[in-house]
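So the structure is just underneath, and the comments pick up after that.
Residue numbers begin at 1 in each chain, while the letters A, B, ... track the order of the sequences.
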Amino acid sequence: MADTENVSGVEIQLDNVTKRYPGSREPAVRDVTMTIPAGKIVILVGPSGCGKTTTMRMINRLIEPSSGTITIGGEDALRLNADTLRRKVGYAIQQAGLFPHFTVAQNISVVPGLLGWERGRINDRVDEMMDLVGLDPAQYRDRFPRQLSGGQQQRVGVARALAADPPVLLMDEPFGAVDPITRGNLQDELLRLQTDLRKTIVFVTHDFDEAVKLGDKIAVLGDQSTIQQYDTPEAILANPANDMVAGFVGAGASLKQLTLLRVRDVDYEDIALTAPADESPATLRQRMIEQNRTYALVLDQRRRPLRWVHVRALSTASSLTGAGTPVGDSVSTQSTLHDALEAILAEGGHAVVTGTRGEYVGMIDITTVTDTIKQLREEHEAGSAAS
Amino acid sequence: MNLFDYVADRWDRLSLQAWLHVSEVVQSTIIAAVLGVLIGVAVYRSPIGSALATALASTILTVPSFALLGLLIPVVGLGATPTVIALVLYALLPITRNTIVGLGGVDPAIRDAARGIGMSRVGVLARVELRLAWPAILAGMRVATQMLMGIAVIAAYAKGPGLGGEVFSGLVRAGSANATNQALAGTLGVVILALLLEAVYFLIARFTVSRGIRG
């Protein structure tokens with residue numbers, strides 16, 4: 001399968017990992033066992049103080065586990081020299097943690113430098129990484145972090161974390177400190193990067209919406225980092241494992257689910273009566289009366305939707321291009337069901353679905369959306385009952 | 001004889017004393033900087049250690065310089081040795097305190113990021129923490145140097161080198177020929193040298209503090 005090719009990430013396995021701080025009776029992290037699949041984004045999400053950051057920091061041993069084992073790509077992380085281990089694990093944190101006295105280029109070249117790369121190779125790599133995160137090297141190379149916006153600093157932080165091409169990337173609320181619009185852009189960019197890079201990414205956040213948007217899998221953590229549910233976003237939204245997860249998912253789970261589904265995944269139907277724009281109004285009217293339709297959809301030569309016409313408007317119209325009302329919002333097969341619902345509501349009950357070249361392929365209405373949600377919920381309930 | 005004639009006439013001796021004065025102050029500052037930064041690095045992670053080191057250095061500063069020299073002479077004799085020891089001890093407080101403050105002021109997130117991407121402890125200290133604390137350390141050295149310029153005058157009491165000798169002998173011979181000129185030449189010389197060193201510090205800061213953290 002193409003899905004397993006080009007994966008540069010490796011699997012991370014946590015086995016009975018516990019962290020106990022001296023002087024406190026309860027462990028901060030209790031007996032966590034989880035597998036983080038290679039090349040996937042796994043989100044650790046949970047309330048503040050639940051130990052999610054501690055759990056992540058044990059993977060690169062910024063915090064040493066009290067007991068348990070951690071293997072990264074089959075290698076026992078606890079046996080490696082901690083500094084050597086960290087050079088192979090990218091690390092990006094909130095507010096980027098850039099070195100203020102280093103330029104952008106110097107910041108990005110720290111890890112390649114530690115690994116002893118040649119100067120020329122490091123320079124090329126810096127340019128490559130800056131291109132990757134969307135910063136023009138010519139303009140930004142020699143700037144200092146304080147001369148950058150929060151979003152740009154965060155990009156440099158990601159570039160620094162990826163500079164030595166580590167198979168694993170740890171991200172601790174990396175987009176927590178930027179404004180919502182920038183955060184959205186950075187999230188989109190991370191997803192774009194990930195389609196090329198296919199790293200194993202462990203991402204800590206307390207924002208469940210961010211988790212749903214970015215995660216291939218989400219681990220919802222409770223106190224002491226105990227795993228409440230570890231599954232795909234779809235499954236968690238459709239069927240929260242317990243009250244704690246349900247509370248964390250919060251209101252609007254169904255709406256969030258709609259952002260995960262695309263129109264191409266549901267059954268839209270080719271139910272509209274269509275007519276080419278050059279058909280005469282009289283013949284169309286005849287067809288509509290025969291088929292007992294009140295509305296028809298007029299398409300242009302390339303079958304792109306143009307207008308809706310009512311049967312009564314046809315008796316006086318001279319051509320189809322001037323009759324009726326233009327088609328408002330349409331949705332493509334790539335759109336999320338969330339966008340489709342928006343269009344359906346705006347259009348009054350149904351929306352036109354278009355294919356990749358904008359051609360008419362069918363109609364979607366509100367019952368399609370509600371049926372899909374109902375069906376998903378039943379599937380996941382059946383799935384969890386079986387397991 | 002006015003002051004200018006006096007300085008022109010005694011230029012050889014005065015310029016040598018001025019050179020010795022600057023030289024002992026600068027050397028003492030450098031020794032104190034090395035010691036102060038080492039002490040700072042050793043204690044800055046522990047609040048108790050930091051408080052102890054600062055208190056100790058403060059205590060030294062409260063001992064009058066005259067008394068300290070007087071106490072040192074029986075132990076190490078006269079000349080440059082007691083002078084340098086006294087100057088180094090006095091310079092320790094501003095340098096140690098500023099090192100501790102500077103290192104303590106480094107954003108923990110930056111330290112965490114440095115460790116997280118695989119810098120060794122020594123690497124973090126040398127490439128990140130000390131570089132970020134450097135403006136504070138340099139400010140401490142600057143205060144120390146200015147202070148030592150004055151204290152080095154007192155060191156003439158222990159027969160130390162420098163312009164102090166001019167000031168002292170001018171004051172002792174008050175009333176006789178050129179006594180005022182001699183004291184004045186020594187005093188003004190110290191002031192001028194202090195201003196010159198101030199300019200040197202400005203240049204050092206300009207060339208050694210990264211533009212990314214310059215105020």
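- Neither the backbone nor the side chain of B:R111 has a heavy atom closer than 4.5 Å to any heavy atom of chain A.
- Shown here for A:G97 and B:A113, the closest heavy-atom pair between the two residues is O-CB, 3.4 Å.
- Considering every non-hydrogen atom in both B:G118 and A:L114, the closest pair reads O-CD1, 3.6 Å.
- A:Q106 CD to B:R127 CZ: the interatomic distance, rounded to the nearest 0.5 Å, is 9.0 Å.
- The CZ atom of A:R87 sits 6.5 Å away from atom OG of B:S120, with the distance rounded to the nearest 0.5 Å.
- Annotation: maximal heavy-atom pairing with chain B below 4.5 Å, among A:D172, A:V111, A:L62, occurs at A:L62.
- Annotation for A:E118: atom CD does not count as buried by contact number, only 12 or fewer foreign heavy atoms lying within 6.0 Å.
- Distance NE2/A:H101 to CZ/B:R214: 14.0 Å, rounded to 0.5 Å.
- B:D112 places a side-chain heavy atom less than 4.5 Å from the side chain of A:R57.
- Nearest heavy atoms, A:P100 versus B:I110: CD-CD1, 3.5 Å.
- Interface remark: of the candidates B:I213, B:I117, B:V106, B:I117 forms the most heavy-atom pairs closer than 4.5 Å to chain A.
- If you measure heavy-atom distances from A:Y91 to chain B, the contacts under 4.5 Å come from both the backbone and the side chain.
- More than 12 non-hydrogen atoms from other residues, nucleotides or ligands lie less than 6.0 angstrom from CG of B:L203.
- The two residues A:F102 and B:R131 have their closest heavy-atom pair at CE2-NH1, 4.1 Å.
- What you find for A:N60 and B:G116 is that their closest heavy atoms are ND2-O, 3.8 Å.
- Of the residues considered (A:Q95, A:R160, A:Q94, A:R146), A:R146 shows the highest number of contacts with chain B, using heavy-atom pairs under 4.5 Å.
- For A:L98, the part lying under 4.5 angstrom from a heavy atom of chain B is the backbone only.
- No more than 12 heavy-atom neighbours from other residues, nucleotides or ligands sit within 6.0 angstrom of CZ on B:R211.
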